[in-house]
Amino acid sequence: MQEFKPFKEGKVREVYDNGDSLIIVATDRISAFDHILKNQVTKKGAILTQMSKFWFDFTKDIVPNHMLSVDVKDMPEFFQNEKFDGNSMMCKKLEMLPIECIVRGYITGSGWASYQECGKVCGITLPEGLKESDKLPEPIYTPSTKAEIGDHDENISFEQSVEVLEKIYPGKGEEYATKIKDCTIALYKKCAEYALSKGIIIADTKFEFGLNEAGEVVLGDEMLTPDSSRFWPLEGYEPGKSQPSYDKQYVRDWLKANPDSDYLLPEDVIAKTIEKYEEAFALLTGRKFA
């Protein structure tokens, strides 16, 4: 049996080279504030992988994506065991674009802090009088540059995203920057509307895109998981304060309240986090996570 070693390890994912495809494994690691925590969150990787699969299937009419299969039977023998079952996705190889495509439909987090300071989010002027967690009149696109592990991503304007891409793809910067912006907004609108009908508000999210061999833009990475998005329950939603959420906010809040934790979470925080991920999965997909 051929052995595989990850050629790339992110904070929570491992990427394996499978010749003409990649196998992306979502581990049960969890990160917050750019640190990998000492705990594992059981089943998290599988829930996130299956959630990405759901959204990739749901949006393939808007933009093609990199997913080939989440069935380990389609993968080399090395991956056909419990460790990889459910949390692995075989994907097309793409040349990833160095832009994180962030879209915000509601004002919260760093966006809210920035708005309070200057009435803008990432250089975009917003209407006066917005309250924390308010829905924006239209979703806004606030790209950032991708940082190496340990560094912070840097917010940039749309014009700067054109410049970044133009440097790498002379003559194509504007075309690619516009395409990923348009896809980001279209994906968000379709998915946010669907999620709302299932009782979940998608406050903001990020997408990543790459180019296939023909130079076409393809959606890559993960999609609309609680790790890459802010999910709020519609029930009890009330602007003017921060909202409870289905994502890592629960973990972040505990860490903030316990600065001496050394990034080790108590068991009940882990259990509560798993419960939140499972609840979001069931609401969105209409089936219980098995």
Side-chain angles (χ1 to χ4, degrees), residues 3-18 22-56 66-67 70 72 75 78-91 96 100 102 109 144 146-153 204-208 220-231 245-281 284 289-290:
E3 289 285 322
F4 283 81
K5 285 207 163 38
F7 72 89
K8 190 176 163 211
E9 284 199 60
K11 293 192 199 95
V12 295
R13 282 179 302 169
E14 293 166 354
V15 186
Y16 296 81
D17 192 336
N18 185 37
L22 293 177
I23 293 170
I24 300 176
V25 178
T27 69
D28 289 342
R29 295 195 292 268
I30 187 164
S31 76
F33 304 120
D34 290 324
H35 280 267
I36 297 168
L37 305 186
K38 291 179 176 169
N39 311 70
Q40 301 260 316
V41 179
T42 321
K43 295 198 285 197
K44 169 178 174 273
I47 293 171
L48 298 195
T49 299
Q50 302 305 320
M51 205 180 270
S52 281
K53 178 191 185 301
F54 171 80
W55 291 117
F56 281 141
H66 70 164
M67 178 176 71
V70 294
V72 288
M75 301 176 202
F78 176 81
F79 296 96
Q80 295 178 24
N81 66 53
E82 208 177 313
K83 184 183 167 193
F84 297 106
D85 195 2
N87 64 346
S88 305
M89 184 180 286
M90 188 160 74
C91 303
M96 297 304 287
E100 300 234 305
I102 298 162
S144 75
K146 276 197 243 178
E148 294 301 310
I149 289 186
D151 291 337
H152 286 285
D153 298 343
D204 51 39
T205 191
K206 75 175 171 68
F207 302 116
E208 293 191 31
D221 201 56
E222 63 183 327
M223 183 175 184
L224 285 164
T225 68
D227 267 19
S228 64
S229 324
R230 250 185 264 252
F231 290 166
S245 68
Y246 287 108
D247 54 29
K248 294 188 293 193
Q249 204 52 47
Y250 191 76
V251 170
R252 290 191 199 104
D253 290 346
W254 188 87
L255 287 169
K256 268 189 195 161
N258 297 273
D260 301 332
S261 67
D262 196 26
Y263 296 98
L264 183 66
L265 301 173
E267 281 310 307
D268 62 320
V269 174
I270 293 288
K272 189 84 178 138
T273 303
I274 295 167
E275 195 184 300
K276 284 281 166 211
Y277 279 75
E278 287 185 338
E279 195 183 324
F281 181 87
L284 289 168
F289 184 78

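Side chains are part of it too, since the values below use all heavy atoms of this structure and drop only hydrogens, waters and symmetry mates. Note that this is a predicted model, so its numbers are computed, not measured.
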Residue pair Tyr277, Asp227: steps toward the side chain to side chain contact (heavy atoms under 4.5 Å, CB included) verdict: CA-CA 10 Å; Tyr277 279 75; Asp227 267 19; 2.7 Å; yes
Pair Met223-Met67, side chain to side chain contact (heavy atoms under 4.5 Å, CB included): steps then yes or no: CA-CA 11 Å; Met223 183 175 184; Met67 178 176 71; over 6 Å; no
Residue pair Asp17, Lys8: steps toward the salt bridge (Lys or Arg N to Asp or Glu O under 4.0 Å) verdict: CA-CA 9 Å; Asp17 192 336; Lys8 190 176 163 211; over 6 Å; no
Phe207/Asp221 under side chain to side chain contact (heavy atoms under 4.5 Å, CB included): CA gap, chis, key distance, verdict: CA-CA 7 Å; Phe207 302 116; Asp221 201 56; over 6 Å; no
Side chain to side chain contact (heavy atoms under 4.5 Å, CB included) evaluation trace for Asn39 with Leu264: CA-CA 6 Å; Asn39 311 70; Leu264 183 66; 3.8 Å; yes
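Annotation for Lys11 and Arg29: closest pair O-NE, 2.9 Å, computed over non-hydrogen atoms. When all heavy atoms are compared, the tightest approach of Ala26 to Thr49 is CB-OG1, 3.5 Å. Scanning both residues, Thr273 and Val41, for their nearest heavy atoms gives CG2-CG1, 4.4 Å. What you find for Phe56 and Gly220 is that their closest heavy atoms are CZ-O, 4.1 Å. For the pair Glu222 and Ser228, the tightest heavy-atom approach, listed with the atom from each and the gap, is OE2-CB, 3.8 Å.
Exactly one residue among Ile24, Val70, Thr225 makes a side chain to side chain contact (heavy atoms under 4.5 Å, CB included) with Ser52. That residue is Thr225.
Considering only residues two or more places apart in sequence or on other chains, Ser261 meets the side chain to side chain contact (heavy atoms under 4.5 Å, CB included) condition with Trp254, Leu255, Asn258. Evaluation of the salt bridge (charged side-chain N to carboxylate O under 4.0 Å, His left out) rule for Asp28 yields no partner, not counting sequence neighbours.
With a 4.5 Å cut-off on side-chain heavy atoms, Thr27 and Asn87 do not count as touching. Annotation: side chain of Pro226 is in contact with side chain of Met51 (closest heavy-atom distance under 4.5 Å). Contact annotation: the side chain of His66 never approaches that of Leu22 to less than 4.5 Å [non-hydrogen atoms, C-beta and beyond]. Considering only heavy atoms from C-beta on, Leu224 stays 4.5 Å or farther from Phe54 through its side chain. Considering only heavy atoms from C-beta on, Glu278 comes within 4.5 Å of Ile47 through its side chain. Counting only heavy atoms from C-beta outward, the side chains of Phe231 and Ser245 never approach each other to under 4.5 Å.
Atom CG of Asp204 sits about 8.5 Å away from atom CD1 of Ile102, to the nearest 0.5 Å. Rounding to the nearest 0.5 Å gives a distance of 10.0 Å between CD of Gln50 and CG of Leu48. Taking CZ of Phe7 as the reference point, atom CD of Glu14 lies at 11.5 Å (rounded to 0.5 Å). In this structure, CD1 on Ile30 lies 6.0 Å from CG on Leu37, to the nearest 0.5 angstrom. Rounding to the nearest 0.5 Å gives a distance of 7.0 Å between NZ of Lys43 and CD1 of Ile274. Atom CZ of Phe281 is separated from atom CZ of Phe289 by 6.0 Å, given to the nearest 0.5 angstrom.
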Only distances under 3.5 Å count here; give the side-chain donor-acceptor pairs of residues 78-86 to other protein atoms, sequence neighbours excluded, each with its distance to 0.1 Å.
from	atom 1	to	atom 2	distance (Å)
Gln80	NE2	Met75	O	2.7
Asn81	OD1	Lys83	N	2.9
Asn81	ND2	Phe78	O	3.2

